[in-house]
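To start, the structure under review is shown below, and the notes come after it.
FYI, the numbering just counts along the sequence from 1. These values consider heavy atoms only, across backbone and side chains, with no hydrogens, waters or symmetry-generated copies.
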Amino acid sequence: MAKPLSENTLAIIEATAPFVAEHVDQIVPVMYRRLLAAPEIRALFNMSHQHGNSPQHKALAGALVAYATHIRNPGVLADALERIAQKHVGLQILPEHYPHVGEALLGAVAEVLGEAATPEILNAWGEAYWFLANTLIEREEEIYAGAEEQDGGWRGWRRFKVGAKDSETSEIASFTLYPVDGLPVLKHRPGQYLSFRFAPAEGEEYRRNYSISSAPDGQSYRITVKREPGGRISNWLHDAVEVGAEFDVAAPAGEFFLDPADKREVVLLSGGVGLTPMISMLESYGGGDLRMVYVHATRNGQSHALAATSRAKAHESHVFYEVPEENDVANGVHTGRVDPNWLVQISDPARADYFICGPTGFMQEMVSGLKAANVPDARIHYEFFGPASAQIG
């Protein structure tokens, strides 16, 4: 267990937190500049999140301020820390990576604050950092060990090959993956994701997360990927990867999943390619005793992937096309965007659990609307494929 912080450290963090918060938007970019100078660390990050005033920088800035603010009661951040630990496990973050982060953080604080960052202050922030780091390291080891001990599970990277590649729309493709060793695979919890280590060219390494878009079968996984403008990996997957290609894959991870126990009604709400974890949930539990309502929003019928699954598996299915084409309207879809007020009218907010995945703005609007309708936080679940420390709602 992480060693408790001393009273002196707690007092210093509390006293300096407002000053650090005032300068955090300067500290974080300097920290990333220092951190990403190490090639072995640089490979762990999605470099598309490192430009300008990026969401990842904003998320880390918010996390630092939140941690300092709640330094005497870190349990308030339990959900956020679990999300971070799950993301770290997916990306195969290990204990030896943490000293790099600590050095970069303290170096950035010293550089930005100058003489105000006295040795006493830096020591206190270093102690606070390692308390948090050791808490995460301990939780991450539990997750690593748990995945390894289960049937079909593994620790670290495992080699998978593409057994099938299917075009879902002009910009979305599905890849069915099988382990090269031919042995069983861990049955994921519907909604979880896989993490990949890709090498599209010699000397390159990229790590990415993709939701599993199939029900667990102990033999394979399917991911469904949208081509993103300028996306190095999504375009490579679409254009260059064919059946037989091999990747390194980490065991399924993520705290966003559907456990049907004690659920009375489930509303699955997705936007765009955010439908992928919902498809896994529908293929796993759709058509059974648990009532499942599926609501999906996308641009039009040409961008709607895996539509047949929702129609076949959900007890009730609704589709919203923001810019429908002529034949879309004829198929009885809703026109425009999902209204949270409408959402609570077609479900029972007193008993339903809501699962949400999609673009950040879409999720923020839906979560805020559900909270306004007095849906308890415990029954609002969401998956967010951005910086691990980011918050929604």
Side-chain angles (χ1 to χ4, degrees), residues 46 48-59 62 80 83 86-87 90 168-174 191-193 208-213 223-235 237-238 254-257 267-282 293-307 310 317-324 328 333-343 354-372 375 380-393:
N46 185 337
S48 66
H49 293 161
Q50 307 309 318
H51 56 83
N53 191 19
S54 75
Q56 188 168 65
H57 291 192
K58 290 181 180 179
R83 186 175 298 114
Q86 293 284 346
K87 299 292 186 185
E168 307 292 356
T169 73
S170 61
E171 56 185 15
I172 298 176
S174 291
Q192 289 189 308
Y193 56 84
R208 295 291 188 271
N209 301 322
Y210 291 108
S211 292
I212 303 168
S213 61
I223 61 170
T224 301
V225 181
K226 180 184 177 183
R227 181 195 295 273
E228 297 292 346
R232 175 68 175 102
I233 294 304
S234 67
N235 282 278
L237 287 169
H238 276 257
E255 82 291 349
F256 177 80
F257 57 83
V267 178
L268 308 179
L269 176 60
S270 60
V273 79
L275 58 80
T276 51
M278 310 309 182
I279 296 299
S280 180
M281 295 176 188
L282 284 169
V293 177
Y294 184 44
V295 180
H296 179 61
T298 189
R299 188 171 62 253
N300 53 44
Q302 296 299 313
S303 64
H304 190 173
L306 301 167
S310 60
S317 180
H318 298 271
V319 177
F320 282 76
Y321 290 158
E322 188 167 4
V323 188
D328 293 333
V333 303
H334 300 275
T335 300
R337 308 180 68 174
V338 181
D339 183 341
N341 294 320
W342 171 88
L343 186 64
Y354 299 82
F355 289 78
I356 309 168
C357 187
T360 303
F362 171 83
M363 291 198 296
Q364 288 174 331
E365 183 179 1
M366 295 303 107
V367 171
S368 297
L370 291 172
K371 288 183 176 181
V375 177
I380 302 174
H381 319 269
Y382 59 86
E383 181 61 288
F384 178 52
F385 283 112
S389 54
Q391 297 294 308
I392 298 291

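The side chain to side chain contact (heavy atoms under 4.5 Å, CB included) search around T224 returns E168, I172, S174, S213, R222, T276, L306, not counting sequence neighbours. Partners of R232 according to the side-chain hydrogen bond (donor to acceptor under 3.5 Å, both in side chains) rule, which considers only residues two or more places apart in sequence or in another chain, are E204. Residues satisfying the ring pair (Phe, Tyr, Trp, His ring centres under 6.0 Å) criterion with H304, sequence neighbours excluded, are H296, Y321. Considering only residues two or more places apart in sequence or on other chains, F256 meets the side chain to side chain contact (heavy atoms under 4.5 Å, CB included) condition with P277, M278, M281, F355, H381, E383. For N235, the side-chain hydrogen bond (donor to acceptor under 3.5 Å, both in side chains) test picks out R227, with sequence neighbours left out.
Atom CG in L269 sits 8.5 Å away from atom OH in Y294 (nearest 0.5 Å). Residue R208 holds its CZ atom at 9.5 Å from CG of L237, rounded to the nearest 0.5 Å. Separating the CE atom in M366 from the SG atom in C357 is a distance of 13.5 Å, to the nearest 0.5 Å. Rounding to the nearest 0.5 angstrom, the gap separating the CD1 atom in I279 from the OG atom in S211 is 11.5 Å.
Sequence neighbours left out, the pairs with a member in residues 294-306 that pass salt bridge (Lys or Arg N to Asp or Glu O under 4.0 Å) are E171-R299.
The backbone N or O of E228 sits less than 3.5 Å from a side-chain atom of S234, completing a donor-acceptor pair. Listed for the S368 side chain is no donor-acceptor partner under 3.5 Å among the backbone atoms of E365.
Of all the heavy atoms in F362 and A297, the pair that sits closest is CE1-CB, 4.1 Å. Nearest approach of T298 to G272, heavy atoms of both residues: OG1-CA, 4.4 Å.
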Does the pair R337 and W342 meet the rule for a side chain to side chain contact (heavy atoms under 4.5 Å, CB included), with working shown?
CA-CA 10 Å; R337 308 180 68 174; W342 171 88; over 6 Å; no
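Between H334 and H318, the angle of the ring planes lies from 30° to 60°, which puts this pair in the tilted group.
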